Enquirer: 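Let me begin by handing over the structure; questions about it come next.
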Amino acid sequence: GGSSGRRVCPAAGTAVLSAAGAAFVPAACGPDSRYACCGRSGRSPVLNIRRDSPCENRIVLSGGFLLSVNLKSEYMQLFILNRTNERQTKSVGRILLYALLFFIVTRIAVMLMLTGCTAIYMANTGINPMQGLSFFGNPSVAAAGMGWWALPYVLLVAPFFEECCFRLGLSFRRWQVAVGLGALTLFFVSRFLAIAGAQHSFWWGLPAGIVVAGLLYGFTTDAFWQAKKGWLRPMMWCSAGLFALVHLFAMQGLTWFLVPYALLICLMLFFAGSVMVYLRVNLGFLWAVGAHALNNVPAVFMITLVLMQS
């Protein structure tokens, strides 16, 4: 129903498709240019798709048809990275249970794919792709590179630092955005310096991170960032995707030949990152840090075994 000063969608000349069914109402042509005309003015009915602003989630087709489309499909809400208001309808326990089930199902699926991929590599080339990548996520590589320091690094330092880089700013609070983007700057600068062969790359990258954080905090406002909260869902997807892809830096033996296997590892990390994004947005930052640390516990256990045997 319309109200004074507002245009309403025409009932005639419409073809409406919805979850409840489909219906067609014979066209009633008129001179109103807001809607499609059947050609009363001598114009031929050309298929011209446009969004009709007064009719939310509807698209007008010239020729007297109006297509009703649910642009915010409920099916899109099902995926974990589209769930942003879980605390309004679910308890903490249900949120944690959903995150755990998502993690288990996706981890099993990707591990099966990795197993199959490894079998293909071994059968055709005799190469173990995990060993060929020299991935730092491999416990033997981490143990060889850092020794016993790998334990606190993998269990505590890496989860906290990576969550600062990729998830802290999802609150759209000024100081958290500043710290998060500063940490991300530190991460990339230190990585690229390390690739270039620089020694103590972390300490060289630290000033860059501090400068970026300071500039963002000093020259923006809370209101500025709060106004950007409409970008939350795209940023959730970017967070999980970037978190997965940056682990390519930790694959020292990466070659084009090993890219398929490396991308499967990234897929596994994308799903893990999705869980952490979900917990960060719906429960808080420390929940994401805790989930990240728990995700690394099996690696810590394996590193311990490797170190004890060496």
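Remember, predicted model here, so these are calculated numbers, not experimental data. Basis for what follows: all heavy atoms, side chains included, without hydrogens, waters or symmetry-related copies.
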Enquirer: What pairs meet the side-chain hydrogen bond (donor to acceptor under 3.5 Å, both in side chains) rule with one or both residues in residues 113-124, with sequence neighbours excluded?
Expert: none
Enquirer: What's the separation between atom CE in Met251 and atom OH in Tyr261, rounded to the nearest 0.5 Å?
Expert: 9.0 Å
Enquirer: For residues Asn282 and Arg83, report the shortest heavy-atom separation together with the two atoms involved.
Expert: ND2-O, 3.0 Å
Enquirer: Are Val300 and Tyr153 grouped together when hydrophobic residues (ILVMFWY) are joined by side-chain heavy atoms under 4.5 angstrom apart?
Expert: yes
Enquirer: Measure the CG-CD distance between Leu254 and Gln252 for me, rounded to the nearest 0.5 Å.
Expert: 11.0 Å
Enquirer: Mind checking whether Met111 and Ile108 have side chains closer than 4.5 Å, heavy atoms only?
Expert: no
Enquirer: If we check side chain to side chain contact (heavy atoms under 4.5 Å, CB included) with Cys117, which of these qualifies: Leu112, Leu264, Leu263?
Expert: Leu264
Enquirer: Do the non-hydrogen side-chain atoms of Ser171 and Trp225 ever get within less than 4.5 Å of each other?
Expert: no
Enquirer: Hey, is CD on Gln226 packed in by over 12 heavy atoms from elsewhere, all under 6.0 Å?
Expert: yes
Enquirer: For a 4.5 angstrom cut-off between non-hydrogen side-chain atoms, does Thr106 reach Val275?
Expert: no
Enquirer: Which atom names give the shortest non-hydrogen contact between Val189 and Gly205, and what distance separates them?
Expert: CG1-CA, 3.6 Å
Enquirer: For a 4.5 angstrom cut-off between non-hydrogen side-chain atoms, does Val289 reach His292?
Expert: no
Enquirer: Give the intermediate values and the outcome of side-chain contact (heavy atoms from CB on, under 4.5 Å) for residues Ile303 and Met146.
Expert: CA-CA 10 Å; Ile303 291 171; Met146 298 187 67; over 6 Å; no
Enquirer: Quick one, Phe102 and Phe79 - any side-chain contact, counting heavy atoms below 4.5 Å?
Expert: yes
Enquirer: Could you walk me through whether Glu162 and Val246 pass the side-chain contact (heavy atoms from CB on, under 4.5 Å) check?
Expert: CA-CA 10 Å; Glu162 290 179 4; Val246 297; over 6 Å; no
Enquirer: Taking the side chain as C-beta and beyond, is there a heavy-atom pair between Leu168 and Glu163 under 4.5 Å?
Expert: no
Enquirer: Rounded to the nearest 0.5 Å, how far apart are CG of Leu206 and OG of Ser190?
Expert: 9.5 Å
Enquirer: When rounded to the nearest 0.5 angstrom, what is the spacing between CG in Asn295 and CG in Leu269?
Expert: 8.0 Å
Enquirer: Using residues 88-96 as the side-chain source, report each donor-acceptor pair under 3.5 Å to any protein atom, sequence neighbours left out, with the distance given to one decimal.
Expert:
residue : atom : partner : partner atom : Å
Lys90   : NZ   : Glu86   : OE1          : 3.4
Ser91   : OG   : Arg94   : N            : 3.3

Enquirer: Kindly give the heavy-atom pair with the smallest separation between Pro159 and Asn296, and that separation in Å.
Expert: CG-ND2, 3.7 Å
Enquirer: Do any pairs count as a ring-ring contact (aromatic ring centres under 6.0 Å, His included) and have a residue in residues 165-218, sequence neighbours left out, and if so which ones?
Expert: Phe166-Phe243, Phe192-Phe249
Enquirer: Quick one: do Val297 and Trp148 end up in the same hydrophobic cluster if we chain Ile, Leu, Val, Met, Phe, Trp and Tyr together by side-chain heavy atoms under 4.5 Å apart?
Expert: yes
Enquirer: Side-chain contact, heavy-atom cut-off 4.5 Å: Ser274 with Phe270?
Expert: yes
Enquirer: Show the nearest heavy-atom pair for residues Val177 and Leu216, with the distance to one decimal.
Expert: O-CD1, 4.4 Å
Enquirer: Enter the distance from Met276:CE to Ile80:CD1 here, rounded to the nearest 0.5 Å.
Expert: 10.5 Å
Enquirer: Would you say Val105 and Leu81 are hydrophobically clustered, going by side-chain heavy atoms of ILVMFWY under 4.5 Å?
Expert: no
Enquirer: Applying side-chain contact (heavy atoms from CB on, under 4.5 Å), name anything that partners Ala299, two or more places apart in sequence or on another chain.
Expert: Val154
Enquirer: Could you tell me which residues satisfy side-chain contact (heavy atoms from CB on, under 4.5 Å) with Thr255, sequence neighbours excluded, listed by chain and number?
Expert: Phe257, Leu258
Enquirer: Under 4.5 Å between any side-chain heavy atoms of Phe271 and Arg107, yes or no?
Expert: no
Enquirer: Grab the two heavy atoms, one from Met236 and one from Thr84, that are nearest each other, plus how far apart they are.
Expert: SD-CG2, 3.5 Å
Enquirer: Quick one, Leu151 with Leu155, criterion side-chain contact (heavy atoms from CB on, under 4.5 Å). Give me CA distance, side-chain angles, the key distance, then yes/no.
Expert: CA-CA 6 Å; Leu151 299 180; Leu155 185 62; over 6 Å; no
Enquirer: Please report the shortest heavy-atom distance between Ala143 and Leu307, naming the atom on each side.
Expert: CB-CD2, 3.8 Å
Enquirer: Going hydrophobic residue to hydrophobic residue with side-chain gaps under 4.5 angstrom, can you get from Met122 over to Ile120?
Expert: no
Enquirer: Under the rule for side-chain contact (heavy atoms from CB on, under 4.5 Å), what residues qualify as partners of Leu156, not counting sequence neighbours?
Expert: none
Enquirer: Within the distance-only criterion (no hydrogens, no angle test), does the side chain of Thr185 pair as donor or acceptor with the backbone N or O of Gly209 below 3.5 angstrom?
Expert: no
Enquirer: With a sphere of 6.0 Å drawn around CH2 of Trp231, does it hold more than 12 non-hydrogen atoms of other residues, nucleotides or ligands?
Expert: no
Enquirer: From Leu294 CG over to Phe103 CZ, what is the distance, rounded to the nearest 0.5 angstrom?
Expert: 9.0 Å
Enquirer: Could you see if Val281 belongs to whatever hydrophobic cluster contains Trp287? Use Ile, Leu, Val, Met, Phe, Trp, Tyr and a side-chain cutoff under 4.5 Å.
Expert: yes
Enquirer: Examine distances only and state if a side-chain atom of Arg280 and a backbone atom of Arg167 form a donor-acceptor pair shorter than 3.5 Å.
Expert: yes
